[in-house]
Amino acid sequence: MRITNAEIAQLLSEIAEYLEMDDVPFKPRAYQKVADAIAALDEEIVEIHKKGGSKAISAIPGVGASIAKTIEEYIQTGRIAQYEELKKKIPVDLRSLTAVEGLGPKKIKKLYKALDIKNLDDLEKAAASGALAKVEGFGSKSVENILKGIEFVKTSGGRLILGNVFPAIEHIKDVLAKVKGVERVDIVGSARRKKETVGDFDLLAMAKDSGPVMNFFVHMDEVVHVHAQGETKASVRIKPGIDVDVRVVARESYGAALLYFTGSKAHNVALRQMAIKKGLKLNEYGLFRMKGGKEEKMIAGDTEEGIYNALGLTYVEPEMREDVGELELAQNHKLPVLVDYDAMKGDMQMHTNWSDGANTIEELAYAAMALGLEYIVITDHTKRLTVANGLDEARLLEHMKAVDAVNAKLKKEGKKFAVLKGSEVDILKDGSLDMSDAVLAKLDVVGASVHSYFNLPREAQTKRIIAAMENPYVDIIFHPTGRVINRRPAYDVDMDAIIEAAKRTKTALEINAFPDRLDLKDEYVRKCVRAGVKLSIGTDAHAVAHLSYLAWGVGQARRGWAERSDIVNAWPVEKMKKMIK
DNA sequence: GCCGTTTTCGGCCCGACTGTTTTCAGTCG
């Protein structure tokens, strides 16, 4: 069983929480910082260790000799003695208990000592029996909130897929923007950074007087519960089970607030530390010059750019704000110029009613044209995927003629738009394809994907995909890792080997833009960019409505620091054809 | 426990809101 970065991060985070329970100063922050860094790491920590031992691990920012040894201990023995000691003292299910809003290490410890509460079930029983309300520091209000928190943890199961819930939050943003006195509303938080999943939504509003907008917000029809309501900040749950926070600030502080509420937390902390070094203080109201421990003068705050510049940095795009090296680049004015959301010229993957799509070739073409695209690649499934009505050689040849017919019609109408002939070919167990080379040779673009044998051993799975890339007609590997967010993990593949083979065979890797796929994920996108492997963004649309998902693919590309030159379909059709095989 | 243009000791981001312990600790982001 492979040890993942996520499980190491979870263990370190729990150690931090245990230390927090005992009021140990500063250590909790050190452990938590490392946990966050490892969770965001784009390399497997096991690999780092294999290459350079605990010394290489301690090269990760925030990791010193001690924590490096702790991680090494886990990699070598599967256990951490320190963690087990701590767990023995207070054997509780920290992961689920801390997921309850309002419960932190201190309260969890108190509940364990007083009522032997170890998990959500114990907690729920104690709340129901009335025992909880008798614990010092807990009252009827706490019990009520804890019960609601438990319910939420049980039903929502954690993070939501951004693309699926975004329309609901955009609606609230639009409604708030219309409240009298509101000058501007922005979606901030991880949604602005285009993280693939979000825990909650944050909105920022600009207004002189916060009263009316706060009042409106907590009384919206969608609101089922108000968690908190103050003068400038409120937090509610809306109907689909999403938590939404809103914060109101004045114009002069709006940039500072945007910066602060967009995060990430690690990026913000790093910025504040830079400010301190310059004798400044950064908070959500602005960047201040300090004198004798007091704010002397606000030197930036109305725009994000002004704050970055005052700190000697170039503006950092929200999708890059994860404290994974972007600040060093900003300091040296060497940030990449990320691919723009409106840079896309084409869509590289979609399905028609010839296989498992809902619409015709023509309907997709007109819809894509309306979205401002210059070309689309039709990539219906092939024969092995019988459940999707996959095309065999004969039907694919027929299908190509149908594409020709649509192009002829568009030309007659004077439209400058191209429909390209493509296919989503199945990669069979041995790495061969379910379509003859003779037919593939007639297509403009060939994408190949894995739809079977998800559980092959790592080596076999890797070999299988590389074999497909070696086929001279395969231009793109579609959804290269097969993961479906919140539903199915990626198949076990050696991504470094895949990326290396992609480079060697000049095969592009897809960023599948479907909101619950976003496959490649951001860290692999970064690796491709670094290696010079080209990327292809496809919506994998199975209906006209899905074509708008392209923006989620671009967001993912930007999170991976991709520039326009890295994305084959950010180029006009002729240039795109040259960039693929 | 980590770190260093204040560098091997002495610091460690900062503010809003809640509930309850009538002055603040705990949690969150």
Side-chain angles (χ1 to χ4, degrees), chain A residues 12 15-17 19-21 23-37 57-71 82 97-111 132-146 149 188-191 193 198-204 210 214 218 226-236 243-249 253 256-257 259-288 290 295 312 323 331:
Chain A
L12 294 174
I15 290 175
E17 280 155 357
L19 295 170
E20 189 87 53
M21 287 179 190
D23 261 326
V24 177
F26 302 110
K27 284 192 194 181
R29 197 181 307 163
Y31 278 93
Q32 189 56 51
K33 201 180 157 209
V34 174
D36 293 343
I57 297 176
S58 67
I60 299 165
V63 183
S66 171
I67 295 184
K69 282 277 174 225
T70 303
I71 295 171
Q82 180 195 8
L97 289 174
T98 51
V100 176
E101 176 98 19
L103 272 196
K106 298 274 170 63
K107 287 186 182 171
I108 289 169
K109 181 183 183 184
K110 223 176 223 179
L111 292 175
L132 191 60
K134 295 200 183 85
V135 180
E136 190 197 4
F138 292 80
S140 60
K141 201 85 185 182
S142 313
V143 174
E144 195 183 310
N145 286 336
I146 283 171
V188 289
S190 46
R193 303 201 312 279
V198 292
D200 64 5
F201 276 99
D202 301 292
L203 293 171
L204 183 66
S210 63
M214 299 301 284
V218 299
V226 179
H227 299 300
Q229 182 186 5
E231 233 171 274
T232 63
K233 184 183 166 181
S235 174
V236 303
D243 282 345
V244 187
D245 293 353
V246 73
R247 181 77 177 252
V248 185
V249 301
S253 293
L259 189 59
Y260 175 71
F261 291 107
T262 297
S264 67
K265 193 174 170 173
H267 182 88
N268 285 344
V269 169
L271 282 178
R272 287 177 177 201
Q273 282 164 344
M274 292 174 102
I276 291 168
K277 276 188 196 136
K278 290 181 185 291
L280 307 171
K281 183 176 79 171
L282 177 63
N283 60 26
E284 60 260 56
Y285 299 108
L287 182 64
F288 300 90
M290 303 298 286
E295 289 174 7
D323 192 29
Q331 233 163 0

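Throughout, a chain's letter reflects where its sequence line sits, starting with A, and its residues are numbered from 1.
- To the nearest angstrom, P of dA25(B) lies 11 Å from NZ of Lys110(A).
- The shortest distance between the side-chain N/O atoms of Thr232(A) and the OP1/OP2 oxygens of dC17(B) is below 4.0 Å.
- Taking every side-chain heavy atom of Gln273(A) into account, dC13(B) is the closest of dG26(B), dT18(B), dC13(B).
- Residue-level contact check: Lys265(A) touches the bases, meaning some heavy atom is under 4.0 Å from a base atom.
- Separating the P atom of dT6(B) from that of dC2(B) is a span of 23 Å, rounded to the nearest Å.
- An aromatic stack links Phe26(A) and the base of dC12(B), using centre distance under 5.5 Å and interplanar angle under 30°.
- The nearest whole Å value for the distance from the CG atom in Asp202(A) to the P atom in dC28(B) is 14 Å.
- Residue Leu282(A) holds its CG atom at 6.5 Å from CG of Leu271(A), rounded to the nearest 0.5 Å.
- Take the nearest nucleotide of DNA chain B for Ala234(A) and for Leu103(A): the residue whose nucleotide is more 5' is Ala234(A).
- In this structure, Val249(A) reaches neither bases nor backbone, as no heavy-atom distance under 4.0 Å exists between it and the strands shown.
- Residue contacts shown for Val34(A) are absent, as no nucleic acid heavy atom lies under 4.0 Å away.
- Within 4.0 Å of Thr70(A), counting heavy atoms only, lies no atom of the nucleic acid at all.
- For Lys278(A), the NZ atom is loosely surrounded, since the number of other residues' heavy atoms within 6.0 Å does not exceed 12.
- For dC12(B) and dT22(B), the P atoms lie 31 Å apart once the distance is rounded to whole Å.
- With P as the reference atom, dC14(B) and dC9(B) are 26 Å apart, rounded to whole Å.
- We find that CG of Asp200(A) is positioned 12 Å from P of dC28(B), with the value rounded to whole Å.
- Comparing the C1' positions of dT23(B) and dC17(B) gives an interatomic distance of 16 Å, to the nearest angstrom.
- Proximity of Lys281(A) to the phosphate of dG15(B): a side-chain N or O atom is located under 4.0 Å from OP1 or OP2.
- Taking the charged nitrogens against the carboxylate oxygens, Asp23(A) and Lys106(A) do have a contact shorter than 4.0 Å, which makes a salt bridge.
- Just one of Val246(A), Asp243(A), Val226(A) meets the side chain to side chain contact (heavy atoms under 4.5 Å, CB included) condition when paired with Val236(A); it is Val226(A).
- If you take CG of Asn145(A) and P of dT27(B), they are 14 Å apart, rounded to a whole angstrom.
- The nucleotide dT27(B) finds its pairing partner in dA16(B), both defining distances of the Watson-Crick or G-U wobble pair being shorter than 3.5 Å.
- Rounded to an integer number of Å, the gap from CZ of Phe138(A) to C1' of dA25(B) is 12 Å.
- If you take OH of Tyr31(A) and P of dC12(B), they are 21 Å apart, rounded to a whole angstrom.
- Remark: side-chain polar atoms of Asp245(A) are not paired, donor with acceptor, to backbone N or O of Asp202(A) under 3.5 angstrom.
- dG11(B) and dA16(B) are spaced 26 Å apart, taking the C1' atom of each and rounding to whole Å.
- The two residues Leu287(A) and Ala275(A) have their closest heavy-atom pair at CD1-CB, 4.0 Å.
- Rounded to whole Å, atom P of dG10(B) lies 19 Å from atom NZ of Lys277(A).
- Ser142(A) has no side-chain polar atom (N or O) that falls below the 4.0 Å cut-off from OP1 or OP2 of dG19(B).
- Within the 4.0 angstrom heavy-atom criterion, base atoms lie near Lys27(A).
- Residue-level contact check: Lys33(A) touches neither bases nor backbone, having no heavy atom under 4.0 Å from any strand.
- Note: CG (Asn268(A)) to C1' (dG15(B)) measures 13 Å, nearest angstrom.
- Leu271(A) comes within 4.0 angstrom of nothing in the nucleic acid, heavy atoms only.
- No side-chain donor-acceptor contact under 3.5 Å links Ser235(A) to the backbone of Ala228(A).
- Residue Gly137(A) is classed as a base contact, given a heavy-atom separation below 4.0 Å to a base.
- Taking atom P on both nucleotides, dG26(B) is separated from dT20(B) by 14 Å, rounded to a whole Å.
- Within the 4.0 angstrom heavy-atom criterion, no nucleotide atom of any strand lies near Pro28(A).
- The base of dG29(B) is paired with the side chain of Tyr260(A) by a donor and an acceptor separated by under 3.5 Å.
- Distances shorter than 4.0 Å separate some side-chain N or O of Lys106(A) from OP1 or OP2 on dG26(B).
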